[in-house]
Amino acid sequence: MATPQTGAGDPTRSLELLWRDFSPAPSRPGPKPRLTVDRIVEAAIAVADREGSCFGMRSVSAELGVGAMTIYRYVPGKSELIDLMVDRVVRNDEDESLLEGLEWRARLELLAEGTWEVYDAHPWLLEINQRRPVFGPDSMAGYDFAISAFEGHDLPDREVNLVITGIMNLVTGTARQYLMRDGAEEVPVADEREWWAKQEPYLKRAFESGMYRHIQRFADESAWDVTAHQAMRYALERFLDGMAPRMEAARREA
């Protein structure tokens, strides 16, 4: 099965649907539509949370309790629906008043944590090829918040973009390693616990061989007990530590 990706459908239809609230269609006389685009997107997200990005449009129709062809009156196809879903799951419902006065580091930490929470709640998002990114209202609002971290600092726009990209790559890369679910097409023979149990005797013999002396120096067994979130936070904090001198040097005089 081909990897789903953003920007794979009709760009005009995707953009019209993404920005529908900015140019609403005129109301028409007659009965109220049975569905809305928002309801379809919410249903598709619920299905993808269960089935992964390989979900079918029939599953979305079943989730809504409508006929298989009904949703095509609102959304042209799965490709355009993927664009709408990706934009919707990154929506930030944070109270703006709670963000006032936050320094650059706190804002970038919120950006990273918020992105991590989205991946944790919707692992199917990690299966989507986003080489052609979605620029919908919620995605744009998230990027606008990210840029707000650099207010009061004289950094070139290009560098600001590189810093944000670096943080997003760091979070996404760690999430891909730890949070991606098993594929529906090729279910592993052994679950994760069994997989590690099977490896244990082989690893023990490998260490006893003396060939891996640097690994053997790990005296603390808890060194291997690292959670996904801990791995992400460690990389993020070191990245921001490295940014701190640059941010202070670029701080604009009040």
Side-chain angles (χ1 to χ4, degrees), residues 5-9 11-24 37-38 41-42 44-45 80-122 124-126 128-176 232-233 235-237 239-244 246-254:
Q5 65 182 75
T6 54
T12 300
R13 292 296 290 123
S14 282
L15 290 166
E16 287 174 347
L17 289 166
L18 283 165
W19 294 97
R20 63 194 178 279
D21 291 338
F22 286 75
S23 54
V37 173
D38 285 332
V41 172
E42 289 166 6
I45 290 170
E80 293 81 8
L81 184 54
I82 287 285
D83 290 339
L84 297 170
M85 293 164 64
V86 170
D87 191 62
R88 176 61 184 85
V89 295
V90 300
R91 178 176 297 175
N92 181 12
D93 295 321
E94 194 83 47
D95 185 347
E96 287 290 332
S97 65
L98 300 176
L99 304 177
E100 292 178 8
L102 289 183
E103 276 282 310
W104 68 271
R105 182 161 185 147
R107 285 177 177 265
L108 292 179
E109 286 175 342
L110 273 177
L111 171 68
E113 288 287 358
T115 304
W116 183 265
E117 288 170 9
V118 169
Y119 286 138
D120 196 25
H122 309 289
W124 55 267
L125 190 59
L126 294 163
I128 305 293
N129 177 351
Q130 297 190 53
R131 186 172 63 85
R132 291 191 183 93
V134 171
F135 288 121
D138 292 317
S139 303
M140 292 286 280
Y143 204 77
D144 191 69
F145 167 75
I147 293 174
S148 75
F150 300 87
E151 289 234 358
H153 295 80
D154 289 321
L155 259 67
D157 293 345
R158 179 180 174 82
E159 187 171 358
V160 168
N161 189 45
L162 285 170
V163 172
I164 295 170
T165 300
I167 291 173
M168 299 302 288
N169 287 344
L170 182 156
V171 175
T172 302
T174 309
R176 282 186 184 281
M232 186 277 289
R233 284 296 310 193
L236 174 67
E237 287 166 12
F239 182 93
L240 296 178
D241 286 347
M243 277 300 303
R246 176 74 177 122
M247 293 296 286
E248 288 307 310
R251 188 182 293 277
R252 194 178 303 136
E253 294 295 332

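Keep in mind it's a predicted model, so treat the numbers as computed, not measured.
- We find the CD-CH2 distance between Glu248 and Trp104 to be 7.5 Å, quoted to the nearest 0.5 Å.
- A distance of 13.0 Å separates OH in Tyr119 from CD in Glu117, rounded to the nearest 0.5 Å.
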Kindly indicate, with the supporting measurements, whether the criterion side chain to side chain contact (heavy atoms under 4.5 Å, CB included) is fulfilled by Leu99 and Leu110. CA-CA 10 Å; Leu99 304 177; Leu110 273 177; 3.6 Å; yes
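- Annotation for Met140: atom CE does not count as buried by contact number, only 12 or fewer foreign heavy atoms lying within 6.0 Å.
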Verdict with reasoning, Thr6 to Asn129, per side chain to side chain contact (heavy atoms under 4.5 Å, CB included): CA-CA 6 Å; Thr6 54; Asn129 177 351; over 6 Å; no
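- The CD1 atom of Ile167 lies 11.5 Å from the CG atom of Leu162; values are rounded to the nearest 0.5 Å.
- Counting heavy atoms from C-beta outward, Leu15 and Phe135 have side chains that stay 4.5 Å or more apart.
- The main-chain N or O of Phe145 is found under 3.5 Å from a side-chain atom of Ser148 such that the two form a donor-acceptor pair.
- Of all heavy-atom pairs between Gln5 and Arg132, the closest is NE2-NH1, 3.1 Å.
- Across every non-hydrogen atom of Met85 and Val41, the tightest pair is CA-CG1, 4.1 Å.
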Carefully, step by step, assess Leu111 and Leu108 under the rule side chain to side chain contact (heavy atoms under 4.5 Å, CB included). CA-CA 5 Å; Leu111 171 68; Leu108 292 179; 4.3 Å; yes
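- Judged by distance alone, the side chain of Arg176 and the main-chain N or O of Leu126 form a donor-acceptor pair under 3.5 Å.
- Rounding to the nearest 0.5 angstrom, the gap separating the CG atom in Leu125 from the CD1 atom in Ile82 is 9.0 Å.
- When all heavy atoms of Glu80 and Ser14 are compared, the pair lying nearest together is CG-OG, 3.4 Å.
- Rounded to the nearest 0.5 Å, atoms CG (Leu17) and CG (Asp87) are 11.5 Å apart.
- The closest side-chain heavy-atom distance from Leu155 to Met247 is below 4.5 Å.
- By the 4.5 Å heavy-atom criterion applied to side chains, Arg20 and Leu84 are counted as neighbours.
- Counting heavy atoms of neighbouring residues, nucleotides and ligands inside a 6.0 Å radius, atom CG of Asp157 does not exceed 12 of them.
- Checked for salt-bridge contact, Arg13 and Asp83 miss the test: no charged N lies under 4.0 Å from a carboxylate O.
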Step by step, would you call Val171 with Leu236 a side chain to side chain contact (heavy atoms under 4.5 Å, CB included)? CA-CA 8 Å; Val171 175; Leu236 174 67; 5.6 Å; no
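- Minimum heavy-atom separation, Val89 to Val86: CG2-O, 3.4 Å.
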Report the C-alpha separation of Glu113 and Arg233 in whole Å, then their side-chain angles, then the decisive distance to 0.1 Å, and conclude whether the salt bridge (charged side-chain N to carboxylate O under 4.0 Å, His left out) test is met. CA-CA 9 Å; Glu113 288 287 358; Arg233 284 296 310 193; 2.9 Å; yes
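- Under the salt bridge (Lys or Arg N to Asp or Glu O under 4.0 Å) criterion, the residue pairs touching residues 137-151 are Arg91-Asp138, with sequence neighbours excluded.
- Distance check, rounded to the nearest 0.5 Å: CD1 of Ile45 to NE2 of His122 gives 6.0 Å.
- Side-chain atoms of Arg105 do not come within 3.5 Å of backbone N or O of Ala244 as any donor-acceptor pair.
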